[in-house]
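Working notes, structure below.
Reminder, nothing fancy here: chain letters follow the sequence lines and each chain counts from 1.
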Amino acid sequence: MAGEAKPTTNVIATLRERGLISQITESGLEELANRERLTVYCGFDPTRPSLQIGNVVPIILLAHFQRAGHQPILLVGGGTGMIGDPSFKSDERQMLTLEQVRDNAERVRQQLSGYLDFEGENAAVMVNNVDWLGKMTLIEYLRDIGKHFTINHMMAKESVKTRIESREHGISYAEFSYMILQAADFLHLFDVMGCTVQVGGNDQWGNLTAGVELIRKTREAHAHALTAPLVTSASGAKLGKTESGALFLDPAMTTPYEMYQYWINTDDRDVGHYLKVFTFLSLAEIAALEAAQAEQPASRVAQRTLAWEITRLVHGQAVADGVAAASDALFGGGVASLAEANLPYLAQAVPTTIFAASALAAGLSPLDALVLTGAQPSKGAARRLIQQGGLYVNDERWSDPERPITREQALFGRALLLRVGKNRYHLLLVGE
RNA sequence: GGGCAGUUACCGAAGCGGCCAAACGGGACUGACUGUAAAUCAGUUGGCUUACGCCUUCGGAGGUUCGAAUCCUCCACUGCCCA
């Protein structure tokens, strides 16, 4: 399949100008990529139930390759996930149970399914390395693969260096062998699909080159490796870190609204860089957004675009539109501007409490409402908050703690958005 | 095993018989200002249908006293010193 159709654009140049290349093998990949259709793969180990935002970067690499006419392979590490990658990890991993790995692998497979085009002549392919690693015999592993690696070379790899030198932690034989398994993956995909390029995060460099070397030694063929840099912010913070933990792709673990808000709050200094990395907007469009942002900082136009694009990429356009509408209602236009259809996205955006219609009909004490939703720990605290002017009900400042909230204030007759302070919200919804 | 010092609110730390729901600092929260940022300034920071009223709180349990975070006894834990 590979090599039949001409690629359309210079994908390496595209990646380079977007700051998406950290290391690349000196193997003529750029010229080759312009000449023929390549098959490119990236692996994702199911070590957790969900991928994180950082995992999107190598997916985007694959997407750029696909847009340029090449064929991407998404590899789910159902086999390697049973061992655990030691690269740049200070401790031996807690081994997952086989059930956990299988369950995680299925989730990861679903999370990966939305980014690439699985139709057409350079359709993306999804594979799971347990399908071949699981069948390999010990003798095959040692004779066909292991024979081509020297321990000396493996020990010199930067990715495992600290573990080799560490007295306290050490490294098990299992984890030490991880790079060989990943090399075996590359060899397998080379053999059965003609795959000659592997991409990954920068921490994967050692594992990628292990595969390149294995293919050279056993098949006398050239394979290529390319890594994306670790994305960092101007303030040095690790990308995707929130108070509640990492930004997960699974909407049950990180709501699309949280995802959207995370990017909305991007520092001006980072927004251009992130647009290049996480969206497919042209460099001209990005430059225009940056200029508009610099001229009108309050518009947050670059951040809005970034947040919408990433949310759409991860969760789809309908969800991106919904959370954007909810976000605008919360921070800009007010809740009155929200369409009733977007109420579910608002409920996803803020903690939501269901309460009885009768309570509203009788007139709801704002003190009770604050305590009921957990927005305030006690009525005393709620009273202080109101007296300080810190409560808004559907955007109306509620300064009298004794004034009951009635049905007239409710949006669509059933929704009360309590705002505590500048930007803490609680939604009260009348139950069915 | 012996000796000494300590244990106060989210954290640090005052208080050493009534004026203590407990100084002060940090944090957190609210307001003003702002770009859903940072900085700054002001206020709030045990509970109770806000009441110069009541209730619960100063490691735990008892006791002395009209009255205890403050004094006594025992217990638990922490730190330092000596064996």
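- A:R397 places its CZ atom 7 Å from the P atom of B:G31, with the value rounded to the nearest Å.
- Computed from coordinates, the A:L391 CG to B:U44 C1' distance equals 16 Å when rounded to whole Å.
- Listed by residue number, there are no residues of residues 305-324 of chain A with a heavy-atom contact under 4.0 Å to RNA chain B.
- Nearest to the side chain of A:R300, among B:U44, B:U36, B:G31, sits B:U36.
- Between A:R419 atom CZ and B:U36 atom P the separation is 11 Å, expressed in whole Å.
- Nearest-nucleotide positions on RNA chain B place A:P297 closer to the 5' end than the other of A:P297 and A:P377.
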Worksheet item: Could you walk me through whether A:Q204 and A:D85 pass the side chain to side chain contact (heavy atoms under 4.5 Å, CB included) check?
Response: CA-CA 9 Å; A:Q204 290 296 304; A:D85 184 0; 2.8 Å; yes
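- In this structure, A:Y262 places its OH atom 15 Å from P of B:A37, rounding to the nearest Å.
- Note on A:S299: nothing from the nucleic acid sits closer than 4.0 angstrom, heavy atoms only.
- The CD atom of A:Q376 sits 13 Å away from the P atom of B:G46 (whole-angstrom rounding).
- Of all the residues in residues 379-387 of chain A, A:K379, A:G380, A:R383, A:R384, A:L385 reach under 4.0 Å from RNA chain B with at least one non-hydrogen atom.
- Residue-to-nucleotide contacts include no donor-acceptor pair under 3.5 Å from the side chain of A:S365 to the base of B:U49.
- Which of B:C48, B:U36, B:G35 sits closest to the side chain of A:S378 comes down to B:C48.
- Pair assignment for B:G31 gives B:C41, based on Watson-Crick or G-U wobble hydrogen-bonding distances that are each under 3.5 Å.
- Side-chain contact between A:L417 and A:L411: absent, with no pair of heavy atoms (C-beta onward) separated by less than 4.5 Å.
- Taking only side-chain nitrogens and oxygens, A:R424 comes nearer than 4.0 Å to OP1 or OP2 of B:U30.
- Side chain A:E402 to base B:U49: no donor-acceptor pair is found below 3.5 Å.
- Between A:N265 atom CG and B:A38 atom C1' there is a gap of 13 Å when expressed in whole angstrom units.
- Using a 4.0 Å heavy-atom criterion, one finds that A:Q296 contacts no nucleic acid atom at all.
- Out of B:U44, B:G35, B:U36, the shortest distance to the side chain of A:F331 is found at B:U36.
- Candidate nucleotides B:G31, B:U30, B:U36 were compared by shortest atom distance to the side chain of A:Q261, and B:U36 ranks first.
- For the OP1/OP2 pair of B:U36 and a distance below 4.0 Å, the side-chain nitrogens and oxygens of A:S327 include no atom meeting the criterion.
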